[in-house]
Amino acid sequence: MDNLAIARLLREIADLLEIKGDNPFKIRAYRNGGDIVANHPHDLATLDAVGLREIPGIGKDLAMRILEIASTGDCAYHRELIAEFPPSVLDMLRLQGVGPKTVATLYRELGVRTLDDLEAACTSGRVRAIRGMGPKKEALILKALAERKQYAGRHLLPDAHNTAAAVVTYLQAQAPDALLTPVGSLRRGRETCGDIDILVTGADASLLELFTRYRLIERVLGHGDTRSSALLQGGFQVDVRLVPDDCRGAALQYFTGSKAHNIALRDRAIGLGLKLNEYGVFRTADDVRVAGTTEDEVYAALGLAWVPPELRENRGEVEAASNGTLPTLVELTHLRGDLHMHTTASDGRDTIEGMAEAAAAAGLEYIAITDHSQALAMANGLDERRALAHAARIRGIDGHAGVRLLAGIECDILPDGTLDLNDECLAQLDIVIVSVHSAFNMDKAQMTDRLIRAMENPHVDVVGHPSGRLILRREAYPFDIDAVVAAAGRTGVALEINCQTNRLDLSDIHARVARDRGAPLVISSDAHSTRGFSRLRWGAIVARRAWLQPKHVLNTRPFAAFTAGLRRHRQPS
DNA sequence: GCCGTTTTCGGCCCGACTGTTTTCAGTCG
């Protein structure tokens, strides 16, 4: 059982306990446990009870459950709860406007077990007959059922960013003096966003009214003096929140989250005799406000340095902010080179010259041209002869547009871990990226061996998109991140943070493991056209979420220092 | 269920909105 499978069961236990009406703090403990397991970078199935209990939030009982799930794939406690409520009722919990109390009532009073049951109960008018429910509740449920499929799921960070930017542009035009800031998971830079929150100050409630007339709105979900929310075409839910100017800092902090970060802050506030909410920091004793106008001030009132939004996941940032050890995070502008891109030689749309010119416009000093190797026939991959000829052309225009060019390749890692081009060819290139593009259905041990064997080839410099995931489309192939990171540290092969918007691979969590173990990292666009360089910003955000500083990222170095740091130019240790 | 420079017991984050209601419960973020 992997972490996500364990997390799923713990979260289901939490949901079932909630429907059952159990102790809310017990529910929170299980839900929290699920989050901890899901976000944990290491395979928890390998830990014993002592190791598990060292993780904050995992106590005696949760450690026992995790052990049981890891070894048997199931859990007696979970089975007990399922006996009381069929697992199909959990689907109802996911409906907008339907919570645990409603689910419990519907199940107990009407015997509703499934979404289909629920629809039938609503259309036949049985729901409105229940005390505490009425025609509006019935209609709400029907609407939620109808839209469940269409609006289900999350969205890629860049999509959320673009949607938010369009809404902000619209609102700004209505209220030129207003200060509009996307908050929530978008501000934190999470790889996917469920909905979009936009914080407004310096405007009055009429702006919320104007928002409800935004042209891309499919349906207004709610409208008040402090908040309006709507579903946009394309399935985004957008919440616009209006707060008084002097609460801006507190509201920014509050609505940026994450929930776990905020809970940790409120915990800390309580310890200091303070109360933290979206209006400010207040002394508990006399309710006098001591901070809230700026975010800086809010953190300062809690004895903390301002925490970059990307770090606000309760992964150690509160402690670091408290003792002055927050890292100075890498920024997009620190990137001097881009090491992964394609041209018309394989499946790119632009020429070497075009890519160099676009790189110069993007402020880059050097780039590596890394077209595909022959195994990707679909992408017109290069064999040894073409690869070397291509390299000669690249070197022939080194310095074009003032950009230093490296002649490279993105070479396929074959299923047995050997490479798609021979060593003699690879040795003559300036940089070699190796990637998995086929045979994803291997087991964890095989895939780990495959990756490590490729990394042990002395001509390899970088592993491209190491996990192979496609966000919201395909899970990563199974592999042992710890072993791969260790191999990277041992061989000097860098691990890539690929900036394709649905890859972002390594993920923030894996990149942090790499950082903590001293494995070299690079941030690369994997551009397939001149527009692709703009994607570097997303990789920078992933890197920041992984606590990376410029020194952790090879391509923040000037050209000479960068090439000297490549594996092929390192002295064997 | 978790946790501990007050504590091994008694706490545990908080406010807005909605709908069904005459004072509040449920849901959401």
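Lettering of chains follows the sequences in order, A, B, ..., and the numbering in each one begins at 1. Everything numeric here is computed off the predicted structure, so don't read it as measured data.
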Please figure out whether A:Asp239 or A:Lys275 has its closest DNA chain B nucleotide nearer the 5' end. A:Lys275
According to a strict under-4.0 Å criterion, is A:Asn277 in side-chain N/O contact with OP1 or OP2 of B:dC14? no
Give me the distances for all protein-to-nucleotides 3-7 of chain B N/O pairs that come in under 3.5 Å?
{"residue": "B:dC3", "atom": "OP1", "partner": "A:Gly57", "partner atom": "N", "Å": "2.5"}

Between B:dG1 (C1') and A:Leu81 (CG): distance, integer Å: 14 Å
Closest non-hydrogen atoms of A:Ile497 and A:Ala511, given as atom of the first, atom of the second and distance, are CD1-CB, 4.0 Å
A:Asn323-A:Thr325 side chain donor-acceptor pair, cut-off 3.5 Å: yes
Select from A:Arg131 and A:Asp61 the residue whose nearest nucleotide in DNA chain B is closer to the 5' end of that strand. A:Asp61
Salt bridge (charged side-chain N to carboxylate O under 4.0 Å, His left out) with A:Arg53: which residues, sequence neighbours excluded? none
Rounding to an integer number of Å, can you tell me how far A:Lys20 NZ sits from B:dG1 P? 10 Å
Considering only the C1' atoms, how many Å lie between B:dT18 and B:dT23, rounded to the nearest integer? 15 Å
Just to verify, what does A:Phe211 make a ring pair (Phe, Tyr, Trp, His ring centres under 6.0 Å) with, not counting sequence neighbours? none
Rounded to the nearest 0.5 Å, the SG atom of A:Cys247 sits from the CD atom of A:Glu278 at a distance of 9.0 Å
Between A:Ile130 (CD1) and B:dG26 (P), how many Å, whole number? 13 Å
Taking DNA chain B as the partner, which of residues 22-33 of chain A come within under 4.0 angstrom of it by heavy atom? A:Asn23, A:Phe25, A:Lys26, A:Arg28, A:Ala29, A:Tyr30
Among residues 91-115 of chain A, which ones have heavy-atom contacts with DNA chain B below 4.0 Å? A:Leu95, A:Gln96, A:Gly97, A:Val98, A:Gly99, A:Pro100, A:Lys101, A:Thr102
What is the ring orientation for A:Tyr299 with A:His261, classed by angle as parallel under 30°, tilted 30 to 60°, or perpendicular over 60°? tilted
What's the CD1-P distance between A:Ile13 and B:dG1, to the nearest Å? 10 Å
In terms of side-chain geometry, is the basic nitrogen of A:Asp480 or A:Lys444 positioned less than 4.0 Å from the acidic oxygen of its partner? no
I'd like the P distance from B:dG26 over to B:dT20, given in whole Å. 14 Å
B:dT27 and B:dT21, which share atom name P, separated by this distance in whole Å: 15 Å
Between the side chains of A:Asp505 and A:Ser467, is a donor N or O closer than 3.5 angstrom to an acceptor N or O? yes
Do any side-chain atoms of residues 538-549 of chain A form donor-acceptor pairs under 3.5 angstrom with protein atoms, and if so which ones, sequence neighbours left out?
{"residue": "A:Arg544", "atom": "NE", "partner": "A:Glu310", "partner atom": "OE2", "Å": "2.8"}
{"residue": "A:Arg544", "atom": "NH1", "partner": "A:Val330", "partner atom": "O", "Å": "3.0"}
{"residue": "A:Arg545", "atom": "NE", "partner": "A:Asp508", "partner atom": "OD2", "Å": "2.9"}
{"residue": "A:Arg545", "atom": "NH1", "partner": "A:Arg188", "partner atom": "O", "Å": "2.9"}
{"residue": "A:Arg545", "atom": "NH1", "partner": "A:Glu313", "partner atom": "OE2", "Å": "3.0"}
{"residue": "A:Arg545", "atom": "NH2", "partner": "A:Glu313", "partner atom": "OE2", "Å": "3.2"}
{"residue": "A:Arg545", "atom": "NH2", "partner": "A:Asp508", "partner atom": "OD2", "Å": "3.1"}

Check the surroundings of atom CZ in A:Arg131: do more than 12 heavy atoms from other residues, nucleotides or ligands lie under 6.0 Å from it? no
For A:Arg65 and A:Tyr30, run side-chain hydrogen bond (donor to acceptor under 3.5 Å, both in side chains): C-alpha distance rounded to whole Å, both residues' side-chain angles, the deciding distance at 0.1 Å, then the answer. CA-CA 10 Å; A:Arg65 308 271 185 240; A:Tyr30 271 100; 2.8 Å; yes
Specify the separation, in whole Å, of atom CG of A:Leu16 and atom C1' of B:dG1. 16 Å
Within residues 241-258 of chain A, residues whose heavy atoms come under 4.0 Å of DNA chain B: A:Arg241, A:Tyr254
Show the atom names and distances, to 0.1 Å, of all donor-acceptor pairs under 3.5 Å that link a side chain in residues 87-96 of chain A to residues at least two apart or in another chain.
{"residue": "A:Ser88", "atom": "OG", "partner": "A:Arg113", "partner atom": "O", "Å": "2.7"}
{"residue": "A:Arg94", "atom": "NH2", "partner": "A:Asp15", "partner atom": "OD2", "Å": "2.8"}

Any side-chain donor-acceptor pair under 3.5 Å between A:Ser206 and A:Asp204? yes
Can you tabulate the close N/O pairs, meaning under 3.5 Å, that link protein atoms to atoms of nucleotides 16-18 of chain B?
{"residue": "B:dA16", "atom": "OP1", "partner": "A:Tyr279", "partner atom": "OH", "Å": "3.0"}
{"residue": "B:dA16", "atom": "O3'", "partner": "A:Thr226", "partner atom": "OG1", "Å": "3.3"}
{"residue": "B:dC17", "atom": "OP1", "partner": "A:Thr226", "partner atom": "OG1", "Å": "2.5"}

Starting from C1' on B:dC14, measure out to CD1 on A:Ile270 and report it in whole angstrom. 10 Å
Residues pairing under side-chain hydrogen bond (donor to acceptor under 3.5 Å, both in side chains) where one sits in residues 117-126 of chain A, two or more places apart or in two chains, turn out to be A:Thr114-A:Asp117, A:Ser124-A:Arg126
Any strand is fair game: report the nucleotide pairing with B:dT8 by Watson-Crick or G-U wobble, both distances under 3.5 Å, or none. none
In this structure, how many angstroms lie between the P atom of B:dG29 and the CD1 atom of A:Ile263, rounded? 15 Å
When you check the gap from the basic side-chain N to the acidic O, do A:Arg187 and A:Asp197 get nearer than 4.0 Å? no
Inter-nucleotide C1' distance (B:dG11, B:dT6), Å rounded: 13 Å
For B:dG19, does either OP1 or OP2 sit under 4.0 Å from a side-chain N or O belonging to A:Arg128? no
Taking only residues two or more places apart in sequence, or in another chain, which ones meet A:Tyr170 in a ring pair (Phe, Tyr, Trp, His ring centres under 6.0 Å)? A:Tyr214
Please state the C1' separation for the pair B:dT8 and B:dC3 - nearest whole angstrom. 9 Å
Sorted by chain and residue number, the side-chain hydrogen bond (donor to acceptor under 3.5 Å, both in side chains) partners of A:Glu209 (sequence neighbours excluded) come out as A:Arg213, A:His223
Could you work out the separation of B:dG1 and B:dT5 based on their P atoms and round it to a whole Å? 23 Å
Rounded distance (Å) that lies between atom C1' of B:dC28 and atom CD of A:Glu18: 12 Å
Run the salt bridge (charged side-chain N to carboxylate O under 4.0 Å, His left out) test on A:Asp245 and A:Arg248 for me, step by step, so that the C-alpha distance in whole Å, both residues' side-chain angles and the decisive distance to 0.1 Å come before the verdict. CA-CA 5 Å; A:Asp245 291 4; A:Arg248 178 174 166 78; over 6 Å; no
Measure from the side chain of A:Gln237, starting at C-beta and using heavy atoms only, and say which of B:dG29, B:dC12, B:dG1 lies closest. B:dG29
Nearest listed nucleotide, side chain of A:Leu62, among B:dC2, B:dG15, B:dT20: B:dC2
